[in-house]
2 protein chains.
Amino acid sequence: MTSTERRAGRASERALADLREAILDGDLAAGAHLGEVEIAERLGLSRTPVREALTRLAAEGLVELEAHRGARVTRFSREDLDGIFDVRLALEPQATARAAQYVTPDDLAALDDLATTMLAVGAPGPDQDLDALVDLNRAFHARLLALAHAPALAAALANVVHTPVVTRTFRTYDADSLARSLAHHAEIVAALRAGDGDWAGAVMRCHLGNARAVMVEEQ
Amino acid sequence: MTSTERRAGRASERALADLREAILDGDLAAGAHLGEVEIAERLGLSRTPVREALTRLAAEGLVELEAHRGARVTRFSREDLDGIFDVRLALEPQATARAAQYVTPDDLAALDDLATTMLAVGAPGPDQDLDALVDLNRAFHARLLALAHAPALAAALANVVHTPVVTRTFRTYDADSLARSLAHHAEIVAALRAGDGDWAGAVMRCHLGNARAVMVEEQ
DNA sequence: CGTCCCGATGTTGTACGCAACCTAGGGTGC
DNA sequence: GCACCCTAGGTTGCGTACAACATCGGGACG
(Lines give C-alpha, C1' and ligand atoms only; values in the text may rest on other atoms or scores of the structure.)
Protein backbone atom coordinates (compact mmCIF):
# COMPACT_ATOMS: atom_id res chain seq x y z
CA MET A 1 0.00 0.00 0.00
CA THR A 2 3.02 2.21 -0.22
CA SER A 3 3.68 2.55 -3.91
CA THR A 4 0.35 1.48 -5.31
CA GLU A 5 0.00 4.44 -7.64
CA ARG A 6 -1.45 6.96 -5.29
CA ARG A 7 -2.35 9.26 -8.17
CA ALA A 8 -5.34 7.36 -9.47
CA GLY A 9 -7.80 10.22 -9.45
CA ARG A 10 -10.43 10.62 -6.80
CA ALA A 11 -10.43 7.97 -4.14
CA SER A 12 -14.17 7.47 -4.41
CA GLU A 13 -13.82 6.91 -8.14
CA ARG A 14 -11.25 4.25 -7.51
CA ALA A 15 -13.47 2.56 -4.96
CA LEU A 16 -16.42 2.73 -7.34
CA ALA A 17 -14.48 1.32 -10.28
CA ASP A 18 -12.88 -1.37 -8.17
CA LEU A 19 -16.11 -2.52 -6.61
CA ARG A 20 -18.01 -2.46 -9.87
CA GLU A 21 -15.32 -4.48 -11.58
CA ALA A 22 -15.20 -6.97 -8.74
CA ILE A 23 -18.97 -7.43 -8.88
CA LEU A 24 -19.19 -7.66 -12.66
CA ASP A 25 -16.27 -10.06 -12.88
CA GLY A 26 -17.95 -12.26 -10.34
CA ASP A 27 -15.15 -11.91 -7.78
CA LEU A 28 -17.82 -10.80 -5.35
CA ALA A 29 -20.54 -13.42 -5.35
CA ALA A 30 -24.17 -12.35 -5.47
CA GLY A 31 -25.50 -11.95 -1.97
CA ALA A 32 -22.04 -11.41 -0.48
CA HIS A 33 -21.89 -8.96 2.39
CA LEU A 34 -19.78 -5.87 1.75
CA GLY A 35 -18.24 -4.49 4.94
CA GLU A 36 -17.12 -0.91 4.66
CA VAL A 37 -13.99 -1.28 6.74
CA GLU A 38 -12.96 -4.41 4.92
CA ILE A 39 -13.20 -2.72 1.52
CA ALA A 40 -11.56 0.43 2.83
CA GLU A 41 -8.58 -1.48 4.18
CA ARG A 42 -8.26 -3.54 1.03
CA LEU A 43 -8.07 -0.36 -1.07
CA GLY A 44 -6.03 1.61 1.44
CA LEU A 45 -8.74 4.25 1.86
CA SER A 46 -10.99 5.45 4.61
CA ARG A 47 -14.63 4.50 4.87
CA THR A 48 -15.87 7.81 3.49
CA PRO A 49 -15.12 7.27 -0.21
CA VAL A 50 -16.12 3.63 0.12
CA ARG A 51 -19.49 4.67 1.48
CA GLU A 52 -19.94 7.04 -1.43
CA ALA A 53 -19.09 4.29 -3.89
CA LEU A 54 -21.56 1.92 -2.25
CA THR A 55 -24.25 4.58 -2.36
CA ARG A 56 -23.72 5.05 -6.07
CA LEU A 57 -23.66 1.32 -6.72
CA ALA A 58 -26.91 1.01 -4.83
CA ALA A 59 -28.43 3.67 -7.06
CA GLU A 60 -27.26 1.65 -10.05
CA GLY A 61 -28.86 -1.41 -8.58
CA LEU A 62 -25.69 -3.48 -8.32
CA VAL A 63 -25.82 -3.62 -4.53
CA GLU A 64 -28.62 -3.36 -2.03
CA LEU A 65 -28.44 -1.31 1.15
CA GLU A 66 -30.28 -2.18 4.33
CA ALA A 67 -30.38 0.33 7.16
CA HIS A 68 -27.72 -0.40 9.77
CA ARG A 69 -27.13 -3.74 8.12
CA GLY A 70 -24.74 -2.84 5.38
CA ALA A 71 -24.57 -3.62 1.69
CA ARG A 72 -25.05 -6.85 -0.21
CA VAL A 73 -24.37 -7.67 -3.83
CA THR A 74 -27.71 -7.77 -5.58
CA ARG A 75 -28.97 -11.21 -6.46
CA PHE A 76 -30.75 -11.40 -9.80
CA SER A 77 -33.53 -13.95 -10.10
CA ARG A 78 -34.75 -15.47 -13.32
CA GLU A 79 -37.73 -13.11 -13.23
CA ASP A 80 -35.36 -10.18 -12.84
CA LEU A 81 -33.37 -11.28 -15.86
CA ASP A 82 -36.57 -11.66 -17.82
CA GLY A 83 -37.67 -8.18 -16.84
CA ILE A 84 -34.31 -6.80 -17.84
CA PHE A 85 -34.68 -8.33 -21.27
CA ASP A 86 -38.10 -6.75 -21.54
CA VAL A 87 -36.51 -3.37 -20.99
CA ARG A 88 -33.68 -4.09 -23.39
CA LEU A 89 -36.13 -5.21 -26.06
CA ALA A 90 -38.16 -2.06 -25.59
CA LEU A 91 -35.20 0.30 -25.81
CA GLU A 92 -32.17 -1.14 -27.58
CA PRO A 93 -33.77 -1.80 -30.96
CA GLN A 94 -35.04 1.76 -30.94
CA ALA A 95 -31.59 3.05 -30.07
CA THR A 96 -30.05 0.90 -32.79
CA ALA A 97 -32.48 2.27 -35.33
CA ARG A 98 -31.67 5.81 -34.31
CA ALA A 99 -27.98 5.09 -34.65
CA ALA A 100 -28.45 4.65 -38.40
CA GLN A 101 -29.05 8.37 -38.86
CA TYR A 102 -25.97 9.47 -36.94
CA VAL A 103 -23.39 6.82 -37.81
CA THR A 104 -20.15 8.09 -39.37
CA PRO A 105 -17.58 6.17 -41.43
CA ASP A 106 -15.31 6.14 -38.40
CA ASP A 107 -18.04 4.60 -36.30
CA LEU A 108 -18.73 2.04 -38.97
CA ALA A 109 -15.07 1.11 -39.14
CA ALA A 110 -14.84 0.74 -35.37
CA LEU A 111 -18.02 -1.32 -35.14
CA ASP A 112 -16.94 -3.43 -38.10
CA ASP A 113 -13.62 -4.04 -36.42
CA LEU A 114 -15.32 -5.12 -33.21
CA ALA A 115 -17.74 -7.41 -35.02
CA THR A 116 -14.97 -8.97 -37.10
CA THR A 117 -12.75 -9.49 -34.08
CA MET A 118 -15.59 -11.15 -32.23
CA LEU A 119 -16.21 -13.47 -35.13
CA ALA A 120 -12.56 -14.46 -35.12
CA VAL A 121 -12.20 -14.79 -31.37
CA GLY A 122 -15.48 -16.64 -31.02
CA ALA A 123 -14.95 -19.09 -33.86
CA PRO A 124 -14.75 -22.68 -32.68
CA GLY A 125 -11.23 -24.06 -32.54
CA PRO A 126 -8.09 -23.86 -30.48
CA ASP A 127 -7.94 -20.05 -30.67
CA GLN A 128 -11.43 -19.57 -29.31
CA ASP A 129 -11.42 -17.14 -26.37
CA LEU A 130 -14.87 -16.85 -24.87
CA ASP A 131 -13.67 -14.57 -22.07
CA ALA A 132 -12.44 -11.96 -24.52
CA LEU A 133 -15.92 -11.81 -26.01
CA VAL A 134 -17.38 -10.23 -22.89
CA ASP A 135 -15.43 -6.99 -23.18
CA LEU A 136 -15.77 -6.86 -26.95
CA ASN A 137 -19.51 -7.36 -26.69
CA ARG A 138 -19.73 -4.68 -24.08
CA ALA A 139 -17.75 -2.26 -26.24
CA PHE A 140 -19.93 -2.98 -29.26
CA HIS A 141 -23.20 -2.35 -27.47
CA ALA A 142 -21.82 0.71 -25.71
CA ARG A 143 -20.63 2.29 -28.95
CA LEU A 144 -23.93 1.54 -30.59
CA LEU A 145 -25.82 3.09 -27.70
CA ALA A 146 -23.69 6.22 -27.78
CA LEU A 147 -24.37 6.54 -31.49
CA ALA A 148 -28.10 6.86 -30.89
CA HIS A 149 -27.61 10.34 -29.43
CA ALA A 150 -30.37 9.61 -26.96
CA PRO A 151 -29.05 10.34 -23.47
CA ALA A 152 -32.31 9.57 -21.70
CA LEU A 153 -32.56 6.23 -23.45
CA ALA A 154 -28.97 5.43 -22.60
CA ALA A 155 -29.50 6.40 -18.98
CA ALA A 156 -32.59 4.23 -18.69
CA LEU A 157 -30.68 1.26 -20.03
CA ALA A 158 -27.52 1.87 -18.06
CA ASN A 159 -29.35 1.96 -14.76
CA VAL A 160 -30.98 -1.38 -15.33
CA VAL A 161 -29.09 -3.59 -17.68
CA HIS A 162 -25.58 -3.88 -16.19
CA THR A 163 -24.60 -5.69 -19.34
CA PRO A 164 -21.80 -7.70 -17.79
CA VAL A 165 -24.06 -9.01 -15.08
CA VAL A 166 -26.46 -10.19 -17.72
CA THR A 167 -23.76 -11.23 -20.12
CA ARG A 168 -21.11 -12.23 -17.66
CA THR A 169 -19.91 -15.04 -19.84
CA PHE A 170 -20.51 -16.59 -23.21
CA ARG A 171 -19.78 -20.05 -21.91
CA THR A 172 -23.47 -20.76 -21.53
CA TYR A 173 -24.03 -20.22 -25.25
CA ASP A 174 -24.31 -23.37 -27.29
CA ALA A 175 -22.46 -23.35 -30.63
CA ASP A 176 -25.45 -22.41 -32.76
CA SER A 177 -26.61 -19.59 -30.49
CA LEU A 178 -23.11 -18.20 -30.27
CA ALA A 179 -22.70 -18.25 -34.04
CA ARG A 180 -26.02 -16.43 -34.43
CA SER A 181 -25.07 -13.87 -31.81
CA LEU A 182 -21.79 -13.02 -33.49
CA ALA A 183 -23.40 -12.91 -36.91
CA HIS A 184 -25.95 -10.43 -35.60
CA HIS A 185 -23.24 -7.95 -34.75
CA ALA A 186 -21.93 -8.09 -38.30
CA GLU A 187 -25.43 -7.80 -39.70
CA ILE A 188 -26.11 -4.72 -37.59
CA VAL A 189 -23.00 -3.12 -39.07
CA ALA A 190 -24.24 -3.99 -42.54
CA ALA A 191 -27.64 -2.49 -41.82
CA LEU A 192 -26.11 0.69 -40.47
CA ARG A 193 -23.84 0.93 -43.51
CA ALA A 194 -26.93 0.67 -45.67
CA GLY A 195 -28.51 3.42 -43.60
CA ASP A 196 -31.47 1.21 -42.80
CA GLY A 197 -32.46 1.85 -39.20
CA ASP A 198 -35.44 -0.50 -39.32
CA TRP A 199 -33.23 -3.34 -40.46
CA ALA A 200 -30.66 -2.61 -37.77
CA GLY A 201 -33.35 -2.46 -35.10
CA ALA A 202 -34.82 -5.73 -36.28
CA VAL A 203 -31.46 -7.44 -36.04
CA MET A 204 -31.06 -6.11 -32.52
CA ARG A 205 -34.41 -7.62 -31.63
CA CYS A 206 -33.19 -10.96 -32.98
CA HIS A 207 -29.96 -10.54 -31.07
CA LEU A 208 -31.77 -10.00 -27.80
CA GLY A 209 -34.25 -12.76 -28.43
CA ASN A 210 -31.41 -15.16 -29.03
CA ALA A 211 -29.63 -14.02 -25.88
CA ARG A 212 -32.76 -14.26 -23.80
CA ALA A 213 -33.33 -17.83 -24.87
CA VAL A 214 -29.83 -18.76 -23.76
CA MET A 215 -30.11 -16.92 -20.46
CA VAL A 216 -33.52 -18.23 -19.54
CA GLU A 217 -32.45 -21.76 -20.31
CA GLU A 218 -29.38 -21.31 -18.16
CA GLN A 219 -30.95 -20.70 -14.80
CA MET B 1 -34.92 24.25 14.32
CA THR B 2 -34.86 23.03 17.90
CA SER B 3 -38.03 21.01 18.07
CA THR B 4 -38.46 20.21 14.41
CA GLU B 5 -39.18 16.54 14.98
CA ARG B 6 -35.69 15.25 15.39
CA ARG B 7 -36.93 11.70 15.00
CA ALA B 8 -37.55 11.79 11.26
CA GLY B 9 -35.60 8.70 10.38
CA ARG B 10 -32.13 8.83 8.95
CA ALA B 11 -30.75 12.27 8.48
CA SER B 12 -29.63 11.46 4.97
CA GLU B 13 -33.16 10.38 4.12
CA ARG B 14 -34.47 13.69 5.34
CA ALA B 15 -31.92 15.56 3.28
CA LEU B 16 -32.74 13.46 0.25
CA ALA B 17 -36.48 13.94 0.58
CA ASP B 18 -36.13 17.64 1.28
CA LEU B 19 -33.84 18.31 -1.65
CA ARG B 20 -35.88 16.21 -4.04
CA GLU B 21 -39.04 17.98 -3.03
CA ALA B 22 -37.40 21.38 -3.37
CA ILE B 23 -36.15 20.55 -6.85
CA LEU B 24 -39.38 18.98 -8.04
CA ASP B 25 -41.49 21.80 -6.65
CA GLY B 26 -39.32 24.27 -8.46
CA ASP B 27 -38.11 25.97 -5.30
CA LEU B 28 -34.61 25.29 -6.51
CA ALA B 29 -34.32 26.64 -10.02
CA ALA B 30 -32.66 24.58 -12.73
CA GLY B 31 -28.97 25.37 -12.83
CA ALA B 32 -28.91 26.64 -9.25
CA HIS B 33 -25.75 25.90 -7.32
CA LEU B 34 -26.18 23.69 -4.27
CA GLY B 35 -23.64 24.41 -1.54
CA GLU B 36 -23.22 21.61 0.94
CA VAL B 37 -22.79 23.82 3.99
CA GLU B 38 -25.75 25.97 3.04
CA ILE B 39 -28.05 22.96 2.76
CA ALA B 40 -26.61 21.39 5.88
CA GLU B 41 -27.24 24.50 7.95
CA ARG B 42 -30.71 24.95 6.54
CA LEU B 43 -31.61 21.41 7.61
CA GLY B 44 -29.65 21.47 10.86
CA LEU B 45 -27.42 18.58 9.78
CA SER B 46 -23.77 18.09 9.06
CA ARG B 47 -22.38 17.95 5.57
CA THR B 48 -22.05 14.16 5.59
CA PRO B 49 -25.69 13.17 5.09
CA VAL B 50 -26.15 16.10 2.72
CA ARG B 51 -23.29 14.78 0.59
CA GLU B 52 -24.88 11.37 0.54
CA ALA B 53 -28.20 12.84 -0.53
CA LEU B 54 -26.53 14.81 -3.32
CA THR B 55 -24.73 11.71 -4.50
CA ARG B 56 -28.00 9.82 -4.72
CA LEU B 57 -29.73 12.69 -6.48
CA ALA B 58 -26.90 12.80 -8.97
CA ALA B 59 -27.37 9.09 -9.63
CA GLU B 60 -31.05 9.80 -10.24
CA GLY B 61 -30.10 12.56 -12.65
CA LEU B 62 -31.77 15.37 -10.76
CA VAL B 63 -28.50 17.15 -10.02
CA GLU B 64 -25.12 17.17 -11.71
CA LEU B 65 -21.84 16.90 -9.85
CA GLU B 66 -18.60 18.45 -11.04
CA ALA B 67 -15.37 17.57 -9.30
CA HIS B 68 -14.41 20.16 -6.71
CA ARG B 69 -17.08 22.44 -8.10
CA GLY B 70 -20.15 21.23 -6.32
CA ALA B 71 -23.63 20.30 -7.42
CA ARG B 72 -26.05 22.00 -9.75
CA VAL B 73 -29.71 21.30 -10.41
CA THR B 74 -29.91 19.56 -13.77
CA ARG B 75 -31.22 21.70 -16.60
CA PHE B 76 -33.46 19.83 -19.04
CA SER B 77 -33.43 20.98 -22.64
CA ARG B 78 -36.23 20.47 -25.13
CA GLU B 79 -34.25 17.62 -26.68
CA ASP B 80 -33.91 16.04 -23.24
CA LEU B 81 -37.66 16.25 -22.71
CA ASP B 82 -38.23 14.73 -26.11
CA GLY B 83 -35.86 11.89 -25.31
CA ILE B 84 -37.59 11.31 -22.01
CA PHE B 85 -40.91 10.97 -23.79
CA ASP B 86 -39.32 8.45 -26.15
CA VAL B 87 -38.41 6.34 -23.15
CA ARG B 88 -41.80 6.76 -21.55
CA LEU B 89 -43.53 5.77 -24.78
CA ALA B 90 -41.35 2.71 -25.04
CA LEU B 91 -41.95 1.54 -21.48
CA GLU B 92 -45.10 2.92 -19.88
CA PRO B 93 -47.63 1.46 -22.33
CA GLN B 94 -45.98 -1.92 -21.86
CA ALA B 95 -46.17 -1.53 -18.09
CA THR B 96 -49.80 -0.46 -18.33
CA ALA B 97 -50.64 -3.50 -20.41
CA ARG B 98 -48.94 -5.77 -17.91
CA ALA B 99 -50.90 -4.15 -15.09
CA ALA B 100 -54.09 -5.60 -16.54
CA GLN B 101 -53.08 -9.12 -15.52
CA TYR B 102 -52.26 -8.22 -11.93
CA VAL B 103 -54.85 -5.60 -11.04
CA THR B 104 -57.04 -6.34 -8.03
CA PRO B 105 -60.42 -4.87 -7.11
CA ASP B 106 -58.69 -2.77 -4.46
CA ASP B 107 -56.28 -1.38 -7.04
CA LEU B 108 -59.15 -0.63 -9.38
CA ALA B 109 -61.00 1.19 -6.64
CA ALA B 110 -57.94 3.26 -5.76
CA LEU B 111 -57.17 4.11 -9.38
CA ASP B 112 -60.81 4.90 -10.04
CA ASP B 113 -60.84 7.20 -7.05
CA LEU B 114 -57.74 9.00 -8.27
CA ALA B 115 -59.09 9.36 -11.79
CA THR B 116 -62.46 10.60 -10.57
CA THR B 117 -60.87 13.07 -8.19
CA MET B 118 -58.70 14.40 -10.97
CA LEU B 119 -61.71 14.87 -13.20
CA ALA B 120 -63.44 16.83 -10.44
CA VAL B 121 -60.44 18.89 -9.43
CA GLY B 122 -59.45 19.58 -13.02
CA ALA B 123 -62.89 20.53 -14.29
CA PRO B 124 -63.07 24.16 -15.44
CA GLY B 125 -64.76 26.46 -13.00
CA PRO B 126 -64.16 28.19 -9.68
CA ASP B 127 -63.18 24.96 -7.93
CA GLN B 128 -60.47 24.06 -10.41
CA ASP B 129 -57.16 23.35 -8.66
CA LEU B 130 -54.41 22.68 -11.18
CA ASP B 131 -51.75 22.39 -8.50
CA ALA B 132 -53.50 19.49 -6.83
CA LEU B 133 -53.41 17.61 -10.13
CA VAL B 134 -49.63 17.22 -9.98
CA ASP B 135 -49.62 14.99 -6.93
CA LEU B 136 -52.72 13.10 -8.03
CA ASN B 137 -51.20 12.47 -11.42
CA ARG B 138 -48.00 11.29 -9.83
CA ALA B 139 -49.87 8.94 -7.55
CA PHE B 140 -51.87 7.52 -10.43
CA HIS B 141 -48.86 6.77 -12.59
CA ALA B 142 -46.89 5.41 -9.65
CA ARG B 143 -49.68 3.03 -8.64
CA LEU B 144 -50.05 1.89 -12.22
CA LEU B 145 -46.34 1.27 -12.52
CA ALA B 146 -46.24 -0.71 -9.30
CA LEU B 147 -49.08 -2.84 -10.60
CA ALA B 148 -47.04 -4.00 -13.56
CA HIS B 149 -44.87 -6.14 -11.27
CA ALA B 150 -41.89 -5.27 -13.44
CA PRO B 151 -39.15 -3.92 -11.18
CA ALA B 152 -36.60 -3.51 -13.94
CA LEU B 153 -39.06 -1.56 -16.03
CA ALA B 154 -39.98 0.61 -13.08
CA ALA B 155 -36.34 1.24 -12.29
CA ALA B 156 -35.55 2.21 -15.86
CA LEU B 157 -38.39 4.71 -15.82
CA ALA B 158 -37.71 6.08 -12.37
CA ASN B 159 -34.13 6.86 -13.17
CA VAL B 160 -35.04 8.91 -16.20
CA VAL B 161 -38.50 10.31 -16.04
CA HIS B 162 -38.70 12.29 -12.80
CA THR B 163 -42.38 12.72 -13.48
CA PRO B 164 -42.80 15.97 -11.60
CA VAL B 165 -39.93 17.56 -13.46
CA VAL B 166 -41.61 16.64 -16.67
CA THR B 167 -45.07 17.30 -15.35
CA ARG B 168 -44.30 20.05 -12.92
CA THR B 169 -47.53 21.81 -13.62
CA PHE B 170 -50.72 21.44 -15.59
CA ARG B 171 -50.95 25.17 -16.19
CA THR B 172 -49.42 24.79 -19.62
CA TYR B 173 -52.24 22.49 -20.71
CA ASP B 174 -54.90 24.15 -22.80
CA ALA B 175 -58.49 23.23 -21.93
CA ASP B 176 -58.88 20.57 -24.61
CA SER B 177 -55.58 18.83 -23.86
CA LEU B 178 -56.32 18.86 -20.15
CA ALA B 179 -59.75 17.35 -20.68
CA ARG B 180 -58.22 14.63 -22.86
CA SER B 181 -55.54 13.91 -20.30
CA LEU B 182 -58.00 13.50 -17.45
CA ALA B 183 -60.29 11.38 -19.59
CA HIS B 184 -57.37 9.10 -20.41
CA HIS B 185 -56.93 8.22 -16.76
CA ALA B 186 -60.54 7.18 -16.49
CA GLU B 187 -60.31 5.21 -19.72
CA ILE B 188 -57.26 3.35 -18.46
CA VAL B 189 -59.21 2.33 -15.39
CA ALA B 190 -62.03 1.12 -17.64
CA ALA B 191 -59.61 -0.88 -19.77
CA LEU B 192 -58.04 -2.47 -16.72
CA ARG B 193 -61.46 -3.30 -15.33
CA ALA B 194 -62.22 -5.01 -18.63
CA GLY B 195 -58.96 -6.89 -18.29
CA ASP B 196 -57.81 -5.62 -21.67
CA GLY B 197 -54.10 -4.84 -21.46
CA ASP B 198 -53.81 -3.87 -25.10
CA TRP B 199 -56.53 -1.30 -24.71
CA ALA B 200 -54.97 0.09 -21.54
CA GLY B 201 -51.59 0.32 -23.21
CA ALA B 202 -53.05 2.10 -26.19
CA VAL B 203 -54.70 4.67 -23.97
CA MET B 204 -51.38 5.25 -22.23
CA ARG B 205 -49.80 5.86 -25.62
CA CYS B 206 -52.48 8.46 -26.33
CA HIS B 207 -51.94 9.95 -22.90
CA LEU B 208 -48.24 10.38 -23.50
CA GLY B 209 -48.67 11.67 -27.03
CA ASN B 210 -51.05 14.29 -25.75
CA ALA B 211 -48.67 15.28 -22.97
CA ARG B 212 -45.70 15.42 -25.32
CA ALA B 213 -47.54 17.78 -27.65
CA VAL B 214 -48.23 20.13 -24.75
CA MET B 215 -44.67 19.94 -23.43
CA VAL B 216 -42.96 20.39 -26.74
CA GLU B 217 -45.16 23.35 -27.54
CA GLU B 218 -44.39 24.88 -24.18
CA GLN B 219 -40.68 25.37 -24.48
C1' DC C 1 -35.30 -27.86 29.32
C1' DG C 2 -37.09 -23.91 26.91
C1' DT C 3 -37.64 -18.97 26.77
C1' DC C 4 -36.65 -14.39 27.67
C1' DC C 5 -33.66 -10.68 28.93
C1' DC C 6 -29.45 -8.28 28.82
C1' DG C 7 -24.76 -7.11 27.93
C1' DA C 8 -20.77 -7.57 24.59
C1' DT C 9 -19.25 -6.80 20.08
C1' DG C 10 -19.06 -5.34 15.60
C1' DT C 11 -21.35 -2.72 12.22
C1' DT C 12 -23.32 1.41 10.19
C1' DG C 13 -24.63 6.53 10.55
C1' DT C 14 -23.15 11.15 11.63
C1' DA C 15 -20.20 15.00 13.09
C1' DC C 16 -16.10 17.47 12.71
C1' DG C 17 -11.38 18.87 11.18
C1' DC C 18 -7.85 19.18 7.79
C1' DA C 19 -5.91 19.07 3.15
C1' DA C 20 -6.56 19.66 -1.87
C1' DC C 21 -8.53 22.21 -5.20
C1' DC C 22 -11.07 25.85 -7.87
C1' DT C 23 -12.12 30.69 -8.54
C1' DA C 24 -11.69 35.51 -8.26
C1' DG C 25 -9.28 39.81 -7.45
C1' DG C 26 -5.35 42.76 -7.25
C1' DG C 27 -0.80 43.68 -8.51
C1' DT C 28 3.17 43.60 -11.57
C1' DG C 29 5.66 43.30 -15.84
C1' DC C 30 5.58 44.01 -20.75
C1' DG D 1 -3.58 49.42 -21.59
C1' DC D 2 -3.36 44.41 -21.62
C1' DA D 3 -1.88 39.99 -20.20
C1' DC D 4 -0.08 37.15 -16.71
C1' DC D 5 0.90 35.65 -12.07
C1' DC D 6 0.11 35.10 -7.55
C1' DT D 7 -2.28 35.31 -3.38
C1' DA D 8 -6.59 34.97 -0.63
C1' DG D 9 -11.08 33.12 0.12
C1' DG D 10 -14.26 29.57 -0.12
C1' DT D 11 -15.66 25.04 -1.54
C1' DT D 12 -15.26 20.21 -2.03
C1' DG D 13 -12.83 15.60 -0.87
C1' DC D 14 -11.17 12.74 2.60
C1' DG D 15 -9.73 11.00 7.19
C1' DT D 16 -10.89 10.19 11.90
C1' DA D 17 -13.68 9.90 16.15
C1' DC D 18 -17.82 9.10 18.28
C1' DA D 19 -22.82 7.78 18.67
C1' DA D 20 -26.72 4.78 17.33
C1' DC D 21 -28.19 0.50 16.06
C1' DA D 22 -28.35 -4.63 15.02
C1' DT D 23 -26.82 -9.17 16.11
C1' DC D 24 -25.30 -12.84 18.93
C1' DG D 25 -24.10 -15.22 23.12
C1' DG D 26 -24.60 -16.27 28.03
C1' DG D 27 -27.24 -16.39 32.13
C1' DA D 28 -31.41 -16.25 34.87
C1' DC D 29 -36.11 -17.31 35.43
C1' DG D 30 -40.27 -19.98 34.65
Side-chain angles (χ1 to χ4, degrees), chain A residues 1-20 22-23 28-75, chain B residues 1-20 22-23 28-75:
Chain A
M1 72 185 74
T2 55
S3 62
T4 56
E5 50 174 304
R6 62 198 67 198
R7 279 292 105 216
R10 306 280 155 283
S12 68
E13 302 282 342
R14 270 211 314 145
L16 181 65
D18 191 279
L19 281 172
R20 183 150 45 196
I23 294 173
L28 290 172
H33 180 78
L34 301 174
E36 296 178 0
V37 290
E38 179 193 341
I39 299 168
E41 286 177 0
R42 189 159 59 80
L43 298 179
L45 305 170
S46 91
R47 281 177 49 215
T48 308
V50 172
R51 271 186 72 82
E52 183 171 331
L54 286 175
T55 302
R56 291 166 73 174
L57 286 172
E60 287 181 28
L62 279 180
V63 307
E64 288 170 339
L65 262 49
E66 295 169 288
H68 290 284
R69 298 180 63 184
R72 296 194 163 280
V73 179
T74 304
R75 195 185 294 273
Chain B
M1 70 187 71
T2 54
S3 61
T4 56
E5 50 174 303
R6 62 199 65 200
R7 276 293 107 213
R10 308 282 156 284
S12 67
E13 302 281 344
R14 270 211 316 144
L16 180 66
D18 191 279
L19 282 172
R20 184 150 45 196
I23 294 173
L28 290 172
H33 179 77
L34 301 175
E36 296 178 2
V37 289
E38 179 193 341
I39 299 168
E41 287 177 358
R42 188 159 59 80
L43 297 179
L45 305 170
S46 91
R47 280 176 50 216
T48 307
V50 172
R51 273 185 71 81
E52 182 171 332
L54 286 174
T55 301
R56 291 166 72 173
L57 287 173
E60 287 182 27
L62 279 181
V63 307
E64 289 169 338
L65 261 50
E66 295 169 289
H68 289 286
R69 297 179 63 186
R72 297 193 162 279
V73 179
T74 304
R75 196 185 294 274

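Remember, it's a predicted structure, so these values are computed and weren't measured experimentally. Chain identifiers are assigned alphabetically (A, B, ...) following the order of the sequence lines, protein sequences preceding nucleic acid strands; residue numbering begins at 1 within each chain. Worth knowing before you read on, the calculation uses all heavy atoms, side chains too, and leaves out hydrogens, waters and symmetry mates.
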Given the options B:Asp18, B:Val50, B:Val37, B:Arg42 meets side chain to side chain contact (heavy atoms under 4.5 Å, CB included) only with B:Asp18
Base, sugar-phosphate, or nothing: which does B:Leu65 touch, judged by heavy atoms less than 4.0 Å apart?
-> nothing
Is the closest basic N to carboxylate O distance between A:Glu13 and A:Arg56 below 4.0 Å?
-> yes
Report the distance from atom NE2 of B:His68 to atom C1' of C:dC18, rounded to the nearest whole Å.
-> 14 Å
Considering only C:dA15, D:dC14, D:dG13, which nucleotide approaches the side chain of B:Pro49 most closely?
-> C:dA15
Ignoring hydrogens and angles, answer whether the base of D:dG13 and the side-chain atoms of B:Arg47 contain a donor-acceptor pair closer than 3.5 Å.
-> yes
Tell me which of A:Ala67 and B:Arg51 sits closer to the 5' end of DNA chain D, going by the nucleotide each one is nearest to.
-> B:Arg51
From the candidates C:dC22, C:dC16, D:dT16, the one with an atom nearest any side-chain atom of B:Thr48 is C:dC16
May I have the distance from A:Leu34 (atom CG) to C:dT11 (atom C1'), rounded to whole angstrom?
-> 13 Å
Grab the CD-P distance between A:Glu38 and C:dG10 for me, whole Å please.
-> 15 Å
C:dT23 phosphate, OP1 or OP2, under 4.0 Å from B:Arg69 side-chain N/O = yes
Phosphate OP1/OP2 of C:dG13: any B:Ser12 side-chain N/O under 4.0 Å | no
A:Arg72/A:Glu64 ion pair, N-O < 4.0 Å | no
Do B:Ser12 side-chain atoms and B:Pro49 backbone N/O form a donor-acceptor pair below 3.5 Å?
-> no
Find the distance A:Glu52:CD to C:dT14:P and express it as a whole number of Å.
-> 15 Å
Not counting sequence neighbours, which residues clear salt bridge (Lys or Arg N to Asp or Glu O under 4.0 Å) with A:Arg75? List them please.
-> none
Atom CD1 of A:Ile39 to atom C1' of C:dG10: distance rounded to whole Å?
-> 16 Å
Figure out the CG/P separation between B:Leu43 and C:dT14, and round it to whole Å.
-> 13 Å
What's the CZ-P distance between A:Arg14 and D:dC14, to the nearest Å?
-> 10 Å
In whole Å, what is the span from the CD atom of A:Glu66 to the P atom of C:dT11?
-> 16 Å
